[in-house]
2 protein chains.
Amino acid sequence: MNKKSLKKGKLPQATIARLPVYLRSLVMLANKGEQIVSSDILAQLAGTNAAQLRKDLSYLGEFGTRGVGYEVDQLINEMSKWLGLLRDRKVIIVGLGRLGGALVGYQGFSQRGFKIVGAFDRDPAKIGMVTDGVLVRSMEELEDFVKNTPGGIDIGIIATQASSAQSVANKMINAGIKAIINFAPITIDVPADVVLRQVDLSVELQILSYYLQKE
Amino acid sequence: MNKKSLKKGKLPQATIARLPVYLRSLVMLANKGEQIVSSDILAQLAGTNAAQLRKDLSYLGEFGTRGVGYEVDQLINEMSKWLGLLRDRKVIIVGLGRLGGALVGYQGFSQRGFKIVGAFDRDPAKIGMVTDGVLVRSMEELEDFVKNTPGGIDIGIIATQASSAQSVANKMINAGIKAIINFAPITIDVPADVVLRQVDLSVELQILSYYLQKE
DNA sequence: GCATGTGAAGCGCTTCACAGCA
DNA sequence: TGCTGTGAAGCGCTTCACATGC
């Protein structure tokens with residue numbers, strides 16, 4: 001058996017980013033009643049190639065049957081384990097503009113176990129309102145809310161303007177949050193023990209724009 | 001002078017993905033009135049390191065002054081040129097759920113020259129409505145709309161459910177659109193001459209989840 | 001002196017090609 | 001025979017370290 005799987009060592013970053021895509025494809029197969037899948041088929045569903053998929057899976061362990069393929073349920077289970085998805089994750093969001101508002105109600109989050117348990121905004125007009133079952137609180141309440149939530153808050157979503165993003169991140173970090181996703185169009189700094197993902201929607205369009213003019 | 005810049009050859013993919021982030025930082029500096037910036041400062045603002053930045057810039061040409069730094073305005077100009085941002089881009093969006101609705105009004109798009117000129121949905125209750133100055137049309141109108149828009153449509157945004165995403169993409173491609181960004185949580189296929197970017201918000205949270213359990 | 005520009009080295013990821021096994 | 005699992009080769013990107021030039 002594979003040494004790396006025994007040691008539960010770190011996976012390559014590129015592999016980590018693909019696991020959720022594999023998982024998404026596997027859940028789709030399971031919903032269709034498929035029980036077995038080959039690396040060829042799964043790779044196609046996930047938008048990659050069979051060699052890549054098999055190499056990725058080899059970091060997790062040995063789950064396939066040669067000449068046959070992989071059990072869909074088993075792969076779902078293993079990947080969920082590796083991704084830490086066997087339990088729900090508690091999430092808060094700051095900034096209830098239109099993007100933030102859409103994210104609070106986004107079905108894709110709750111379906112996959114990401115529960116938005118708190119929402120915060122600095123606009124007094126929004127504070128006290130309830131959207132999608134979540135009460136909007138003031139920024140001053142953030143730290144206490146995080147500290148008083150049993151088990152803590154796993155992930156903080158920043159959906160504010162660029163000018164507020166860094167100070168919001170600082171508040172989250174002070175409150176003890178260790179994972180942040182930032183939708184504001186600015187680069188924010190976090191300490192080494194905090195994981196950060198930046199998602200700038202305009203950046204995605206600009207990348208497309210580059211490729212458009214190359215033709 | 002650099003041969004690659006003369007030939008306007010292709011840039012490394014990783015560099016392309018960073019250019020919009022540099023540009024964002026440079027525009028911020030320009031707004032603050034800064035005229036000169038060093039690779040050290042700009043790299044920090046963009047969340048990378050000076051060597052990386054200088055290497056990236058070297059693919060575009062030679063713009064710096066040794067011992068001094070780079071002219072902010074000149075870099076903005078060069079990067080805009082390389083990213084094809086010297087003219088506005090016409091964009092359509094399909095799917096006016098909460099995420100789609102938020103994207104139609106997203107200031108970050110229009111500010112950066114991405115103009116949403118058409119919106120489409122299959123829900124009769126939404127067709128005919130106007131959001132953010134954009135009329136919502138039926139799916140049947142999509143192809144004619146794209147073909148009758150002078151200069152064509154540059155980019156199509158898919159913000160539908162996963163189950164509709166591939167057929168929406170096919171409609172866009174048939175209408176002649178060459179760049180697509182897909183927010184639906186499913187992998188879609190496009191021909192080789194169409195550029196595609198997949199943005200799955202749940203995938204981002206799942207990646208964070210992986211890192212959370214590693215501590 | 002100081003910051004840029006860049007070959008060269010280093011590193012991580014992807015792809016290949018085939019051994020291993022049902 | 002057919003598909004997995006994996007060393008090894010190949011490739012692209014990052015980092016280094018220093019020559020270059022204001």
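To find a chain, count down the sequence lines: A is the first, B the second, and so on, and within it residues start at 1.
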Tell me whether [X] contacts the main-chain N or O of [Y] through its side chain, where contact means a donor paired with an acceptor under 3.5 Å.
| X | Y | result |
| --- | --- | --- |
| Y210(B) | L11(A) | yes |
| R18(A) | A46(A) | no |
| T15(A) | D56(A) | no |

Q: Could you tell me whether R112(B) and D200(A) have a side-chain N and a carboxylate O separated by less than 4.0 Å?
A: no

Q: State which of dT4(C), dT6(C), dC13(C) makes the closest approach to the side chain of E62(B).
A: dT6(C)

Q) Looking at I188(B) and L196(B), what are the two nearest heavy atoms and their distance? A) O-CD2, 3.5 Å

Verify the contact: side-chain N or O of [X] to OP1 or OP2 of [N], cut-off strictly under 4.0 Å; return yes or no.
| X | N | answer |
| --- | --- | --- |
| Y59(A) | dG12(C) | no |
| N49(A) | dT15(C) | yes |
| S39(B) | dA3(C) | no |

Q: For K115(B), check side-chain hydrogen bond (donor to acceptor under 3.5 Å, both in side chains) against everything at least two apart and list the hits.
A: none

Atom [atom1] of [X] to atom [atom2] of [N]: distance rounded to whole Å?
| X | N | atom1 | atom2 | result |
| --- | --- | --- | --- | --- |
| D56(A) | dG12(C) | CG | P | 16 Å |
| L57(B) | dT4(C) | CG | P | 9 Å |
| L11(A) | dC13(C) | CG | C1' | 14 Å |
| Q44(B) | dA3(C) | CD | C1' | 15 Å |
| K10(A) | dC13(C) | NZ | C1' | 18 Å |
| Q13(B) | dC13(C) | CD | C1' | 13 Å |
| L75(A) | dC3(D) | CG | C1' | 14 Å |
| Q52(A) | dT6(D) | CD | P | 15 Å |

Q) Quick one: CD on E204(B) to CD on Q198(A), what's the gap to the nearest 0.5 Å? A) 11.0 Å

If you restrict it to nitrogen or oxygen atoms, what contacts under 3.5 Å exist between nucleotides 9-11 of chain D and the protein, and what is each distance?
none

(Q) Please classify the nucleic acid contact of D40(A) as base, sugar-phosphate, or nothing, using heavy-atom distances under 4.0 Å. (A) nothing

(Q) For the residue pair R24(B) / Q206(A), report whether a side-chain donor-acceptor contact shorter than 3.5 Å exists. (A) no

Q. If you measure only the distance, is there a donor-acceptor pair under 3.5 Å linking the side chains of D40(A) and Q44(A)?
A. no

Filtered N/O pairs between nucleotides 16-22 of chain C and protein, under 3.5 Å:
residue : atom : partner : partner atom : Å
dG20(C) : N3   : R66(A)  : NH1          : 2.9

